[in-house]
Amino acid sequence: MSDDDALTRMRHAFAEVELPATRTLDEAYAVKVKYLGKKGLVTELSRALGSLPPDVRRERGQQVNALKAALEQAYDDHCRALTEQAEQAALATFEDLTDVVAPEPGTLHPLTRTRRALERVFASLGFDVADGPHVELARLNFDDLNIGPDHPARDMADTFFVAPPPGSRWQPGDLVLRTHTSPVQVRTMLERTPPIRIVALGTVFRRDDDATHSPMFHQIEGLCVDEGTSLADLRATLYRFVSALFERELQVRFRPSFFPFVEPGAEFDMQCPFCGGKGCSVCKGSGWIELGGAGMVHPAVFEACGIDAERYTGWAFGFGIDRMAMLMHQVPDLRLLFEGDVRFLEQFPC
Amino acid sequence: MLISRQWLSELLTPGALPSDDAALCAALTSLGLEVEGCTRHGDGLDEVVVAEIVAVAPHPGADRLRVVQLHDGRGVQTVVCGASNVPAPGGKVAYARPGTVLPGGLAIGAKPVRGVDSAGMIASEAELDIGGDDSGILVLPIDTARGQSLAAALPGVRDTVVELSVTPNRPDALGHVGVARDLAVRLDAALQVPQLALPAVAPAEDLVALQAPSRCGRYYGVAFEHATVAPSPAWARVRLHRLGLRALSNVVDVTNLVLMLWGQPLHAFDRAQLAEGRVVVRCAREGERMILLDDRELTLSAEDLVIADAREPMALAGIMGGQRSGVASGSSTLLLEAAWFAPAFVRRSARRHGVLTDSSHRFERGVDHGDGLRFACAQACAWLSELCGARPIALQQRDGELPPPRRIVYRPARAAAVLGLEVPSADAQRILAGVGVALDTADAAAWRCVAPSHRPDLEREVDLIDEVVRHYGLDRLPMRMTPPSAPATAGRPAVRARQRTAAIVTDALRECGLHELVQMAFGSASALAVTGDDAAADDIVRVTNPMRTEAGVLRTHLLPGMLDAVALNLARHGRPLRLFECGRVYRHGPHPVDDGPCADIDRTLPHEPMRAAVVLAAPEPAEASPRRVGEALLHALARLGSAATVRVPAEPVAWLHPGAQAEIVADDGVVVGRFGRVHPRALAPWSLPRGAGVCYGELWLERLPDLRVPRYAALPRFPASARDLSLDVAVDLPAGVIIEALQQAAIAVAATGDDPPRLVAGDRARAAIEWLEDYRGEGIAAGRRAVLLRLHYRAQGRSITDEEVHALHMRIVDTALVALAQRDGALRRR
């Protein structure tokens, strides 16, 4: 048996017998190591070349190198085939992805959503958000807002009174649950110097309970105090606010009205955002939706807050956040907002 | 306030009112007189006419029916009538011709009644909805022309009644004259109000004594004799009916008509009931008693003003008459009161006694003490003569302290500055004069004005500016954006930080799949007692006039409100609940306040810290996991940039399960919240479905560390090395304790030198110490568990060797185990 035959047999054993028998890359590698590794059969042949005479060694060396290359090639081909098979096998599986469901999303309360939308729009109009306590001094809730103890307007808000704690310096009647966010106006004017531009959003309380009134509800109050600002600025601000909030141009109109802390005072309506003023079921065909009250800060309020009523003018407005939320989300009954039925709450995911 | 269009039209230039009701309502609304409703009356009554009785005969087939022949202007008709008050021939009645549909919906036809043909019907007030009397048919004055429609004979039959919501600054609009005055300016029409003179009788000296001049500014007393108390004529009855008032007797009806016309409350006393026939306006004596017209008995104080006779109170001034003050059918001598009482006293008295009347409503807002009062008094005198045949015999006017005239300077330039609109001077002057302001415009820049007595609300320049723009038209206001004179002053950073914290916590809890709810701030003391372990009774904020006793305090805790929501939901459906709320709780007591001018006030007000609460609940306890509550709260803290740890509380709260509660500690060591399973006894008051599981947790937002802008830290450049630690520990030795012991040990044994390895976040984990496994069961003794932790080590600027990691790891573990052995003597490595 010649050496050539030995090489041929080795090639046969590797490429035709042992390698094809392997099913994984690891097994194939083991076979490769057996022949081509440091102590492999082919490596042994190479090592043995050194003992051959130079003329034989040259020819024999070429033969061994050719064998090595052939085995490497066979190995690479086999590995490629194995990888392809494995890939095909992996791709032959079926993973059913059609049963995915969204994890239940958390939700924000419609009041929070509405409140944030209002804050965002007013922030873009240059208003800062101010805040005040819910249990308020009657003086700040009424007297400093030009609603004296005998003012009939004290009836407009049926007031919850809070009992002063033992040892308090206040008398019964001095502490109230704020009936509007307007005391934040007073607090802000006491704390800051003009120019002032704030909105105050928050909880207010009145003794009222039916389908359209809740003893607790929410208001937003806006206040601007500056030199040279006027009712025309108020109207323009409200126009820009409603247009920005509903992302379409909506007009604002004033109707004369009375709030003791503003003069002139007005109620303001916006064009119905659902029909653009043409008339629909939401605005009951009128094309307009009542929003709230507005007007020029009464000089008596400026005086109570130590602001020069001749140098400065100011305006204020306010409206109900609950009503706005009901309008935006078409909620028919105020009580739904506060009872906490999860089937209601989960309707506001975005 | 109900306003009759018909009456209004009589007070204005004929034809001035817009013929369209909607246009009238729009005009009123544009004047600030808000229209709440508008009702047309008498539309179907065209074929109801005045008919003259021709003959009356008994019905052949029925005792109580009569066969009436009447002439309706077209001819003689035969009508069967059941009323007992059919007048004799020549009398006038309201005849509804066949085809008429009455306001109640009854269609009138022609058909036999018990065998006698009857065409049409003779109607009563009530059937025509022009009055309340249904005891018999309406009998008209004998001189009423037959054949004309009833609406022509009685102007109020066809009318539009507008319901106005009058703001408290406009007492003048609580009468037709005031509304007409406003409309006259708006419509550029003339006001045509009857301005009668007081009766020309000798001034009396002893009719009225005014002993409380500070509370009664003016008092007219007019004495009458020969009054005949009887029902009022049809026109008066219709008018009152349309305005929602019941016609009573002519004397009372006259006072009500004047009330509706001038907005001036009057009182008519039966003078025969007045001791000595005179009245004394005085303060009540302390403890004096009187019975009102509506039978309420009052105990008076010196704060009350009464109209007394020589002996005792006959009326609570400006509020309501006394039982004996009223005019009865036999009265023939009267004393008419027309007065101005100081608003604040009327208001306090009415509130104190809880007696709110049409009269007190007007007096406390301020009625006219000038011309309006005199005209109202004169009108009442005229109508008492006309309707009751009463003859005035004596009159006395007494004046006390009246409000001084209000002199106001109006600067057109100031008006333009306030409004952002220049109202032409001619328009402004026309408007001010129209509402009754006396004007001197000699100085074109500063008009001298005197406000009229019927407009007590006009006190300052802005009030006049308001009048001008109200009449000129708010719809003419331009839109203008005046740039701010300087950047607006900013608020306190602390306030903004609180707002931001609350917003981030809210967002974070929503991200955990929770639903936000908003609860009432009210609670009941008993429900709050569930969490009462930390609320002293004196600190609870109590509402003195709650709507319901179970809402008598402000919440000190969010848990009871959350349990209300849980109970409601579990009763309505069986779905598992995941809810959160971010809101204030309230408590008296010392608390930190923001600096500033309100700080002294704020210190005396209750503390109102923000709390965030999470509740998970399900009909099956297993479905509600306190771990999920804790995860949500930790997520919220993580979103605030705060690394928090959880530990078993040193002082557990009684309303959470004693073995399933934990507290959350922020990285600055402050306890910022707690969570756990709600104690079954705490749930008891809510009667939840049997077996329901409720888990609850809360964060105290005021204790949370301030939000920091996240700062970049260099990314690790060298690999970390991990070592596992397997322990056999008691099941009740908390993971938090084990981890904390390891962390403390790492600090205690920290290697010194240049860049030593440290226990820090790993390559494959964010935590330095991972809690990998918690195994109980086979191979582990009862009451014990096998836990597997992984600790990560790294040096900042170099690769670390296995040897130094091993050495550090062993020192940390050994130190920690020594510490933990005090808690769990059997603790050992596995």
Are [X] and [Y] close enough for a salt bridge, meaning some N to O gap below 4.0 Å?
| X | Y | result |
| --- | --- | --- |
| D158(A) | R206(A) | no |
| D209(A) | R548(B) | yes |
| R115(A) | E516(B) | no |
| E136(A) | R178(A) | no |
| D539(B) | R587(B) | no |
| R116(A) | D507(B) | yes |

For each of [options], tally heavy-atom pairs with chain A at distances under 4.5 Å, and name the one with the top tally.
| options | result |
| --- | --- |
| V468(B), D602(B), L33(B), V566(B) | D602(B) |
| A416(B), A503(B), A490(B), G583(B) | A490(B) |
| M520(B), Q519(B), R470(B) | M520(B) |
| L514(B), L517(B), N169(B) | N169(B) |

Using 30° and 60° as the class limits, which term best fits the ring planes of F160(A) and F522(B): parallel, tilted or perpendicular?
-> tilted
Looking at R253(A), R197(A), E119(A), R255(A), which one has more heavy-atom pairs under 4.5 Å with chain B than the rest?
-> R255(A)
Select one option (side chain, backbone, both, neither) describing which atoms of [X] are under 4.5 Å from chain A's heavy atoms.
| X | value |
| --- | --- |
| R584(B) | side chain |
| L577(B) | side chain |
| R572(B) | both |
| L509(B) | neither |
| E511(B) | neither |
| V518(B) | both |
| A417(B) | backbone |
| L579(B) | side chain |
| P487(B) | backbone |
| A551(B) | neither |
| H361(B) | neither |
| R498(B) | neither |
| T29(B) | both |
| R411(B) | side chain |

Can you find a side-chain donor-acceptor pair between D475(B) and S30(B) that sits under 3.5 Å?
-> no
Are H515(B) and E104(A) close enough that a side-chain donor and a side-chain acceptor fall under 3.5 Å?
-> yes
Output yes when a side-chain donor or acceptor of N569(B) lies under 3.5 Å from a complementary backbone atom of G340(A), and no otherwise.
-> yes
Between D128(A) and R192(A), is a salt bridge (Lys or Arg N to Asp or Glu O under 4.0 Å) present by the stated rule, with each step listed?
-> CA-CA 12 Å; D128(A) 185 23; R192(A) 305 187 193 181; 3.0 Å; yes
